[in-house]
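Letters A, B, ... are given to chains in the order of the sequence lines, protein chains preceding strands, and every chain is numbered from 1.
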Protein chains: 2
Amino acid sequence: MSIDQLHTTLERLCNLLRVEAREHGAGNGLLPVQLEALHYLGECNRYSDSVQGVSEYLGQTKGTVSQTLKVLEKRGLVKKLPDSNDRRIVHLQTTAAGRKTLDKVVPALFLIEALKSTSEAKIGQLTEDLKEVLRAAQQARGAKSFGACITCRFNESVEGAFQCGLTGEKLTPKDTVKICREHLFPDVDCKVS
Amino acid sequence: MSIDQLHTTLERLCNLLRVEAREHGAGNGLLPVQLEALHYLGECNRYSDSVQGVSEYLGQTKGTVSQTLKVLEKRGLVKKLPDSNDRRIVHLQTTAAGRKTLDKVVPALFLIEALKSTSEAKIGQLTEDLKEVLRAAQQARGAKSFGACITCRFNESVEGAFQCGLTGEKLTPKDTVKICREHLFPDVDCKVS
DNA sequence: CTTATATGTTTCGTGTCGAAACTATATTGA
DNA sequence: TCAATATAGTTTCGACACGAAACATATAAG
């Protein structure tokens, strides 16, 4: 069956990503899962940069994630900031060192090399197709979509400015391309708590 | 950059595969990496079903793989057979129970669900595109290609029958679709030792 | 005000993973 | 021919991811 081959190919690409992350991370004293957490923190917005957010994204327990983040903090790659409204919440921001590490690791060298002679259009098309699969996959698993605000049903555009309909806060253009744990696509059944 | 998004999307799909493998494996008392090894053994040919083969495929050391396979054997999912010519080599064959376990796990349920309303043609196109990326990625990493004999430069077709030019052995039609650790694409520089 | 819920941490047991030492068999080459 | 070398695989050990569960604290609900 065709899906079988798709699964196998994806699984194999996964493996290469992990092996490269392991090799590359070893140079920085980091493990694959720690790089993934750092990657997430580098792309998520201020509603999502918490232990809980990372936990949901990686599909691991809070306890496990807590330890992962402790390592990242000790390495000086992320910085903990208390939330101003809710004192239970801790925000995790990537530091300059963290972003520098990320730049070295993503996108993976082998991907750049592999796509060297592939047209920009082709890469774009493949990316869009994969994103569509991911969107459907996350829905199928009941997982959150972790999309950018710009594609979110809660995003409201008023007089050229953006605003989150869930929190009521204003969003800068930069904000709207970051990923959010409350993200919902417009066409998906509403599941807000 | 576009490759950046491709990397992120792939990494996220990876995660879903692993999380699902963890959940599903837990039911069978197996871990993601053990399922991957079983998956490989279910699809590779008789030149590749060894500890060394799994080690190359998963990018892990022989020692680690040796332990992984010990678990699979203890669970009755694979069976060890000595090689008839070289007594150093152990062949690992999936048992009926192993194949039954595989059928439940691959393709992943969420992939089937996610692609339910996608056309066969679209899935096929995406699979081919990903395979092409994988091929280039493996070459970029200097990793083996693990392709099917039918696409291998060593495969020789004589009077409708197939034969491996490397070992000189005859290949049945079933053999030619299994993946091989000696596989090389026709257009790649020769690196046979 | 009491109970329930949510965020995050710590502890502990299981088990992956790589490194390295080891056994056994096969190959090479002088 | 036989010693040196290479290859397949196992075992041992230490580091550490990971989940489960107990815990601390803060907010929400009734």
Rounding to a whole Å, what distance do you find between [X]:[atom1] and [N]:[atom2]?
X	N	atom1	atom2	result
A:Glu23	C:dG18	CD	C1'	13 Å
A:Arg181	C:dG8	CZ	C1'	12 Å
B:Glu73	D:dG9	CD	C1'	13 Å

Next on the checklist: Test of understanding: with side-chain contact (heavy atoms from CB on, under 4.5 Å), list the residues that count as partners of A:Val19, not counting sequence neighbours.
Outcome noted: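 In terms of side-chain contact (heavy atoms from CB on, under 4.5 Å), with neighbours along the sequence ignored, A:Val19 is linked to A:Glu23, B:Arg141.
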
Going by atom types alone, do [X] and [Y] pair a side-chain donor with an acceptor below 3.5 Å?
X	Y	value
A:His183	A:Thr151	yes
A:Asn15	A:Glu11	no
A:Lys131	B:Gln5	yes

Checklist entry - Near A:Lys79 NZ, under 6.0 Å, is it more than 12 heavy atoms from other residues, nucleotides or ligands? => result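 Counting neighbours around NZ of A:Lys79, 12 or fewer heavy atoms of other residues, nucleotides or ligands fall under 6.0 Å, so no.
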
Item to check | Nearest heavy atoms of B:Ile112 and A:Ile3, plus distance in Å | outcome: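 Answer, listing the atom of B:Ile112 first, then A:Ile3: CA-CD1, 4.1 Å.
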
Could you run down the sub-3.5 Å N/O contacts of the protein with nucleotides 23-29 of chain D?
from, atom 1, to, atom 2, distance (Å)
D:dT27, OP1, A:Arg87, N, 3.0

Checklist entry - Cation-pi between B:Arg135 and B:Phe185: NZ/CZ under 6.0 Å from ring centre and within 45° of the ring axis? => result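 Judged by the rule (NZ or CZ under 6.0 Å from the ring centre, within 45° of its axis), B:Arg135 counts as positioned above B:Phe185.
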
Next on the checklist: I want to verify a distance call: between D:dG9, C:dG8, D:dT10, whose nearest atom is closest to the B:Lys80 side chain?
Outcome noted: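 Looking only at side-chain atoms, B:Lys80 lies closest to D:dT10.
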
Produce the list of close N/O pairs, under 3.5 Å, pairing protein atoms with atoms of nucleotides 14-18 of chain D; give distances to one decimal.
from, atom 1, to, atom 2, distance (Å)
D:dA17, OP1, A:Gln34, NE2, 3.1
D:dC18, OP1, A:Gln60, NE2, 3.2
D:dC18, OP2, A:Gln60, NE2, 3.0
D:dC18, O5', A:Gln60, NE2, 3.2

Checklist entry - Are any of the side-chain nitrogens in A:Asp175 or A:Arg46 under 4.0 Å away from the carboxylate oxygens of its partner? => result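 Here A:Asp175 pairs with A:Arg46 in a salt bridge, since their nearest N and O are under 4.0 Å apart.
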
Item to check | Distance below 4.0 Å between B:Lys70 side-chain N/O and D:dT11 OP1 or OP2 | outcome: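 Answer is yes, contact under 4.0 Å.
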
